[in-house]
Amino acid sequence: MLYRETGQFKTTYRADQAIFPILQDKIGVLAILAFAVFVVPFAADNYLLETILVPVLVFSLAAIGLNILTGYCGQLSLGTGGFMACGAFFSYKLATAFPDLNLILVFLLAGLGTSVVGVLFGLPSLRIKGFYLAVATLAAQFFLIWVFNKFGWWTNDSPSGVISAPPREVLGFVVTSSEAHPISKYLFLVVLVAVLALVAKNLVRSRIGRSWMAIRDMDIAAEIIGIRPLVAKLSAFAVSSFYIGIAGGLWAFIYTGSVEALAFQIDRSFQVLFMVILGGLGSILGSFLGAIFIVLLPIALNVTMLAIDPTFSVALVSDMEFMLFGALIIFFLIVEPHGLARLWQIGKEKLRLWPFPY
Amino acid sequence: MVTAPRVFNEVLLEVRRISLSFGGVKALTDISFDIRKGEIRAIIGPNGAGKTSMLNVINGFYHPQEGEVIFKGETRRAMRPHKAAKQGIARTFQNVALFKGMSTLDNIMTGRLLKMRSNVLLQALYWGPNEREEIEHRAFCEEIIDFLEIQAIRKTPVGKLPYGLQKRVELARALAMEPELLLLDEPMAGMNVEEKEDMSRFILDVNDHFGTTIALIEHDMGVVMDLSDRVVVLDYGRKLADGTPDEVRSNQEVVDAYLGVAH
Ligand SMILES: Nc1ncnc2c1ncn2[C@@H]1O[C@H](COP(=O)(O)OP(=O)(O)O)[C@@H](O)[C@H]1O
Ligand SMILES: [Mg+2]
């Protein structure tokens with residue numbers, strides 16, 4: 001009696017439309033959350049918290065953002081890095097200009113600001129699709145990084161171009177800058193990311209989410225049922241950029257503590273895109289799986305290769321990393337475009353039937 | 001079985017002197033006809049006659065160079081399809097146009113989009129008014145699911161369904177819009193006899209049960225004669241005939257142009 005829905009007859013549409021219709025899933029998610037909040041902070045050491053869990057959480061949020069745009073609405077974007085930079089620099093300007101502004105509000109406002117930028121750069125999507133749109137978002141990427149590099153105003157004229165997050169508190173605990181304790185950083189992120197992931201899940205299972213998916217799957221048919229492509233696409237850009245912007249703010253303020261525009265170059269866009277592809281296009285769960293996978297892979301590779309032969313050079317390890325990524329991306333694009341999330345689902349379906357094969 | 005012809009008086013849609021061309025190709029030339037409230041109106045004609053183009057003009061996909069479309073008393077030449085949807089025109093496509101990555105239920109739910117009111121913030125919270133709205137519309141979609149007998153596939157991604165069922169889901173999505181005018185572009189193309197019978201029954205039931213006015217493109221003359229109240233015949237973009245199935249069938253020009261030759 002591991003994973004069965006037997007006996008869980010849904011007698012109301014409400015029960016059938018619940019966020020986790022299967023009891024085991026609901027218990028599982030609650031258990032993971034409880035574990036993440038009550039056990040992990042005390043069991044994990046600082047290395048695990050700061051080098052693995054914190055970036056996983058920040059990347060998950062960015063991946064959710066890109067997944068909304070690319071996975072749910074079908075608009076390919078290579079501008080993720082640029083939008084993260086917006087979030088980072090908007091947060092910095094807000095936090096330094098208004099030192100008393102609540103930190104959560106700082107991130108939300110920075111997210112909203114990024115939404116506006118996202119919508120502006122999303123306008124071409126009304127005319128162009130696919131490859132051409134990707135090129136347009138690439139232009140956004142380069143333009144935004146150029147803007148943050150070029151004008152000292154964004155860094156409050158820091159000579160190095162680096163911004164350092166000011167220490168800010170939430171509920172009496174410092175969570176930003178190097179003053180923050182890893183446990184505080186982690187707990188703040190867990191709660192914030194869980195809430196935002198829940199919101200994303202709600203959106204994609206509501207009307208707006210269905211309008212995104214309709215545009216993705218067949219835009220002509222979407223229009224004949226009354227969806228305005230303009231509204232659907234730009235709302236996807238807005239919500240997506242909101243998430244990515246907040247992720248950028250969290251990156252600068254909590255993960256690294258100090259950052260320059262170059263941290264958000266095109267590599268970052270690709271990194272998040274790979275998370276979405278590997279994790280699963282059109283899946284919130286997949287965004288988490290992709291983030292975990294891509295943060296862990298280099299670390300795991302490093303450990304195993306050095307365990308095999310301690311004389312392996314750093315360069316070789318990083319070359320291996322690139323090759324492995326490349327192979328995985330190609331594998332997933334060809335064999336399983338719905339990524340790890342789909343593999344997880346297939347696993348669950350097998351488990352549902354287990355041990356009876358039919 | 002011979003029944004007295006049904007009579008319809010109120011004009012729901014009128015197309016007036018429509019001409020449409022693509023570069024040099026004249027798809028439609030000076031076409032006028034009307035569709036009356038409550039009737040099943042067939043549009044027939046050989047391949048390339050301009051039938052699909054006519055539906056595309058009606059629901060705003062194509063903008064004709066000349067002529068106008070009058071729907072519920074409102075005149076227009078060019079409008080976007082989503083506007084037409086808002087005014088109460090739904091349609092299905094000759095080649096199924098479903099949302100392949102979504103389940104049957106979600107596809108049908110998209111048909112309710114224009115009827116849903118929750119704003120984005122409510123949707124983000126889900127709980128409360130948005131949940132009530134989702135459930136209410138879900139219940140409506142379930143009625144259509146029962147009506148079209150597709151209960152067993154409600155959670156199946158439509159991309160995995162056989163063609164015949166996809167056509168049925170597409171009809172379900174159009175019905176979910178509660179349209180006043182339903183445009184069906186070859187709803188039975190590529191179906192076997194049994195599936196055709198089912199689909200014919202559904203079309204009659206929809207017309208009967210919901211009172212929906214239907215414009216139907218169909219090749220199978222038997223089906224057209226059985227289903228439709230009035231028929232308009234197109235050939236090479238021109239209107240060849242317009243009348244009851246019996247009138248059309250006995251029109252010599254139509255027989256020569258269309259009925260005489262096999263399609
Ligand atoms: N988008 C288009 N671009 C160019 N030509 C078109 C287009 N749509 C239809 N046509 C032309 O218009 C004519 C009528 O086509 P169509 O309306 O699809 O006919 P039917 O549905 O009766 O088979 C054909 O000659 C077709 O090639
Ligand atoms: Mg056609």
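These figures come from a predicted structure and were not determined experimentally.
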I need the B:N59 CG to A:I224 CD1 distance, nearest 0.5 Å. 6.5 Å
Which of the residues B:K86, B:R112, B:H82, B:R80 is involved in the greatest number of heavy-atom pairs with chain A at under 4.5 angstrom? B:H82
Mark yes when over 12 heavy atoms from residues, nucleotides or ligands other than B:Q151 sit less than 6.0 Å from its CD; otherwise mark no. yes
Heavy-atom distances under 4.5 Å only: say whether A:I220 touches chain B with side chain, backbone, both or neither. both
Kindly determine whether A:S235 and B:V120 satisfy side-chain contact (heavy atoms from CB on, under 4.5 Å), including the steps that lead there. CA-CA 10 Å; A:S235 67; B:V120 177; over 6 Å; no
Give the C-alpha distance, both sets of side-chain angles, the deciding distance and a yes or no for side-chain contact (heavy atoms from CB on, under 4.5 Å) between A:S211 and B:T110. CA-CA 7 Å; A:S211 75; B:T110 58; over 6 Å; no
B:K26, NZ: over 12 other non-hydrogen atoms inside 6.0 angstrom: no
Heavy-atom pair count under 4.5 Å with chain A, highest-scoring of B:N107, B:L105, B:L125, B:I89: B:L125
Top of B:A124, B:A97, B:A85, B:G60 for chain A proximity - count of heavy-atom pairs under 4.5 angstrom: B:A124
Do the charged groups of B:D106 and A:R205 touch, with an N to O distance under 4.0 Å? no
Before you tell me yes or no, could you show the steps for A:M218 and B:F93 under side-chain contact (heavy atoms from CB on, under 4.5 Å), namely the whole-Å CA-CA distance, both residues' side-chain angles and the distance that decides it to 0.1 Å? CA-CA 12 Å; A:M218 182 147 302; B:F93 288 83; over 6 Å; no
Exam field: side chain B:Q123 to backbone A:R207, donor-acceptor pair closer than 3.5 Å: yes
When rounded to the nearest 0.5 angstrom, what distance separates CG in B:L122 from CG in A:N202? 11.0 Å
Separation between CD (B:E134) and CD (A:Q17), nearest 0.5 Å, reads 6.0 Å
Counting only non-hydrogen atoms closer than 4.5 Å, does B:A139 touch chain A with its backbone (N, CA, C, O), its side chain (CB onward), both, or neither? both
What do the steps show when you test B:M116 against A:R210 for side-chain contact (heavy atoms from CB on, under 4.5 Å), and what is the final call? CA-CA 12 Å; B:M116 299 179 107; A:R210 284 192 293 270; 3.5 Å; yes
Could you tell me which portion of A:A200 (side chain, backbone, both or neither) has an atom closer than 4.5 angstrom to a non-hydrogen atom of chain B? neither
Gap separating the CG atom of B:N119 from the CD1 atom of A:I208, nearest 0.5 angstrom: 10.0 Å
Is atom CZ of B:F22 surrounded by more than 12 heavy atoms (other residues, nucleotides or ligands) closer than 6.0 Å? yes
Hey, are B:R154 and A:D16 close enough for a salt bridge, meaning a charged N less than 4.0 Å from a carboxylate O? no
Most contact-rich option vs chain A, by heavy-atom pairs under 4.5 angstrom, among B:R132, B:E142, B:R173, B:K100, is B:E142
So for B:K155, is it side chain, backbone, both, or neither that comes closer than 4.5 Å to the heavy atoms of chain A? side chain
Got a sec: does the CZ of A:R228 have more than 12 other heavy atoms crowding it under 6.0 Å? no
Between B:F99 and A:R216, is there a cation-pi geometry (under 6.0 Å to ring centre, at most 45° from the normal)? no
Quick check: are there more than 12 heavy atoms from other residues, nucleotides or ligands sitting under 6.0 Å from CZ of A:R14? no
